[in-house]
Number of protein chains: 2
Amino acid sequence: MKDWLPAIDSHRQTLAYKKGETIFEEGMPVKGIYFLNRGKVKIYRKWGHQKQLILHFAKEGDIIGYRGLANESIYPVSAMALEPSTLCFVDTVFFETTLRVNNELTYKLMQFYSNELQYAERRMRNLAHMDVKGRVAETLLMLKKDFGENKEGIINITLTKQDLASFAGTTYETFFRMINEMAKQKIVRLSGKEIAVLKARKLKELSTMK
Amino acid sequence: MKDWLPAIDSHRQTLAYKKGETIFEEGMPVKGIYFLNRGKVKIYRKWGHQKQLILHFAKEGDIIGYRGLANESIYPVSAMALEPSTLCFVDTVFFETTLRVNNELTYKLMQFYSNELQYAERRMRNLAHMDVKGRVAETLLMLKKDFGENKEGIINITLTKQDLASFAGTTYETFFRMINEMAKQKIVRLSGKEIAVLKARKLKELSTMK
DNA sequence: TTAAAAATATGATTTATATCATACTTTTGC
DNA sequence: GCAAAAGTATGATATAAATCATATTTTTAA
């Protein structure tokens, strides 16, 4: 992913966001693409005013806003900083010009989209058929894989239970019950917002079709 | 979509499939990409042996198997002909070589993926938050938009109720009840496998968040 | 530093939707 | 042309998960 940064290195503009600040919102016109230098960001789609489905948690090095590079020039998703974050912004016109002349970059981005599409469609299938406990299990495995864990085995991302639930595609209450049950069975260890996976094998099992 | 056909016109190979025949299956190694010349194809992800989520119905002119063009060289989805279909096949190596030299084609394909991703993520959100009646309503609107309707207003695709249910992300029984209810309310007209949308406005309303 | 807001925790209740059961009809393959 | 398989149709029942209610704790911002 980092490989394409040099190509647009010149035209960048650095922006800082506080925790809870919105970077862009679905329905807003696309102005450019963002690269996350520092911090963590959630990408989500809203449903009504209260509900949302979190599609992705972005970390340092990730690009954000690429979903807007389609025909529609409107963001199909929203992005909010989960901690103080620094992003560099490249306006669409320049980015697209770069893509037009840099075939390698375009090819990489295309492959990247292809992977994202695979991931989205797998999750779609899971939302349709996997039970909530399975989705909670998968959520934890995904976070562990994407963000890693420290020496104590604690996953390197701090999230509210509500955000975890919105990522798993369920309600806060149900998520809480599920993860609590897993804690009782010593599959995970919880302490405040810290989560450690103790039995990855068991989680894998829970997220496998029965 | 048709615009990129000429670029690979030479290396093609024509294949015919009967109704119900599998074109490729998830987990199989990717050999190439397909262009649907004639017929209709369902693209789906399996869950266990009985269940599936249909991601997309492809029609004449559509490309199929593009999801395999990521890092993994394994099809993440399956494809099955819904009626006698003719496809033209282009092997991955040649297609990728073409992409490497044809920036315009790569750019178009990238945009195409971006659109697909938007679509997938919107459906993801719907599976998480929209009720089944809403999803059934949206399913019908989408089919009407994608396949059009004849003079009598009948949608130009013939599907089993089971496939319709698998596309809406529900069971056959629930789908049946929902669409039946819509027929009683004169929102749609049913006759065998024929479906006509009578009140698109009402369907739109049902698929809007409450 | 303190009041307000957000997040956590958990029991009780409701509801949407899946599952099960069964009969009938249409389609398909030999 | 006919038997088997696939699809359609519907009622009854089960259940997973959402919703509601409420108390406590933690975090945030003035």
Side-chain angles (χ1 to χ4, degrees), chain A residues 18-21 42 47-54 80-84 126-137 139 158-184 188 190-195 206-207 209-210, chain B residues 17-21 42 47-54 80-84 126-137 139 157-184 188 190-195 206-207 209-210:
Chain A
K18 282 179 249 168
K19 180 175 176 178
E21 273 191 307
K42 69 170 172 180
W47 180 255
H49 293 290
Q50 311 297 321
K51 295 181 185 175
Q52 56 185 51
L53 179 72
I54 294 176
M80 179 185 281
L82 292 170
E83 38 183 88
N126 293 351
L127 282 166
H129 293 304
M130 191 184 280
D131 63 16
V132 174
K133 191 179 284 182
R135 297 206 304 271
V136 168
T139 290
T158 303
L159 295 166
T160 64
K161 302 272 183 293
Q162 178 58 70
D163 275 349
L164 285 162
S166 297
F167 189 50
T170 184
T171 57
Y172 163 77
E173 292 95 322
T174 301
F175 181 88
F176 177 79
R177 281 177 243 274
M178 296 294 175
I179 203 168
N180 222 9
E181 194 184 324
M182 289 174 185
K184 275 190 193 119
V188 300
L190 302 175
S191 167
K193 288 201 172 60
E194 294 178 346
I195 303 176
L206 285 171
S207 69
M209 41 197 175
K210 290 135 207 129
Chain B
Y17 292 88
K18 282 179 251 168
K19 181 176 176 176
E21 273 192 307
K42 69 170 172 181
W47 180 255
H49 293 291
Q50 310 298 322
K51 294 180 187 178
Q52 55 184 52
L53 179 72
I54 295 176
M80 178 184 282
L82 292 171
E83 38 183 89
N126 293 351
L127 281 166
H129 293 304
M130 193 185 277
D131 63 17
V132 175
K133 189 178 286 182
R135 298 206 302 273
V136 168
T139 291
I157 186 172
T158 304
L159 295 165
T160 65
K161 301 274 184 292
Q162 178 58 70
D163 275 349
L164 284 163
S166 297
F167 188 49
T170 185
T171 57
Y172 163 77
E173 292 95 323
T174 300
F175 181 89
F176 177 79
R177 282 177 242 273
M178 297 293 175
I179 203 169
N180 222 7
E181 195 183 323
M182 288 174 187
K184 276 189 193 120
V188 299
L190 303 174
S191 167
K193 288 202 172 60
E194 295 178 346
I195 303 175
L206 285 171
S207 70
M209 39 197 178
K210 291 132 207 134

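Each chain gets a letter, A, B and so on, in the order the sequences are listed, and its residues count up from 1.
For the strand DNA chain D, secondary-structure stems (runs of at least three Watson-Crick or G-U pairs, all distances below 3.5 Å) span C:1-30 with D:1-30.
Every residue was checked against the salt bridge (Lys or Arg N to Asp or Glu O under 4.0 Å) condition with E173(B), not counting sequence neighbours, and none meets it.
Between atom OG1 of residue T170(A) and atom CG of residue L164(A) there is a gap of 11.5 Å, rounded to the nearest 0.5 Å.
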What one-letter contact string describes nucleotides 7-25 of chain C from 5' to 3', where B marks a base within less than 4.0 Å of any protein heavy atom, S marks contact via sugar-phosphate atoms alone, and - marks no contact? SBBBBB----SBBB-----
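Across every non-hydrogen atom of I54(B) and F167(B), the tightest pair is O-CD1, 3.2 Å. Here the closest non-hydrogen pair linking K19(B) and L82(B) is CG-O, 3.4 Å. Across A183(A) and L190(A), no two heavy atoms sit closer than the pair CB-CD1, 3.9 Å.
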List the steps, then state whether side-chain contact (heavy atoms from CB on, under 4.5 Å) holds for K193(A) with T160(A). CA-CA 7 Å; K193(A) 288 201 172 60; T160(A) 64; 3.9 Å; yes
W47(B) and M130(A): CA distance, side-chain angles, deciding distance, side-chain contact (heavy atoms from CB on, under 4.5 Å) verdict: CA-CA 8 Å; W47(B) 180 255; M130(A) 191 184 280; 3.7 Å; yes
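The nearest whole Å value for the distance from the CG atom in L190(B) to the C1' atom in dA9(D) is 12 Å. Going from atom CG of L127(B) over to atom P of dA17(D) covers 15 Å, rounded to whole Å. When the C1' atom of dA29(D) is taken as reference, atom NZ of K18(A) falls 11 Å away, rounded to whole Å.
Distances shorter than 4.0 Å separate none of the side-chain N or O atoms of K19(B) from OP1 or OP2 on dT27(C).
Under the 3.5 Å distance criterion, the side-chain polar atoms of S191(B) are left unmatched by any main-chain donor or acceptor of E194(B).
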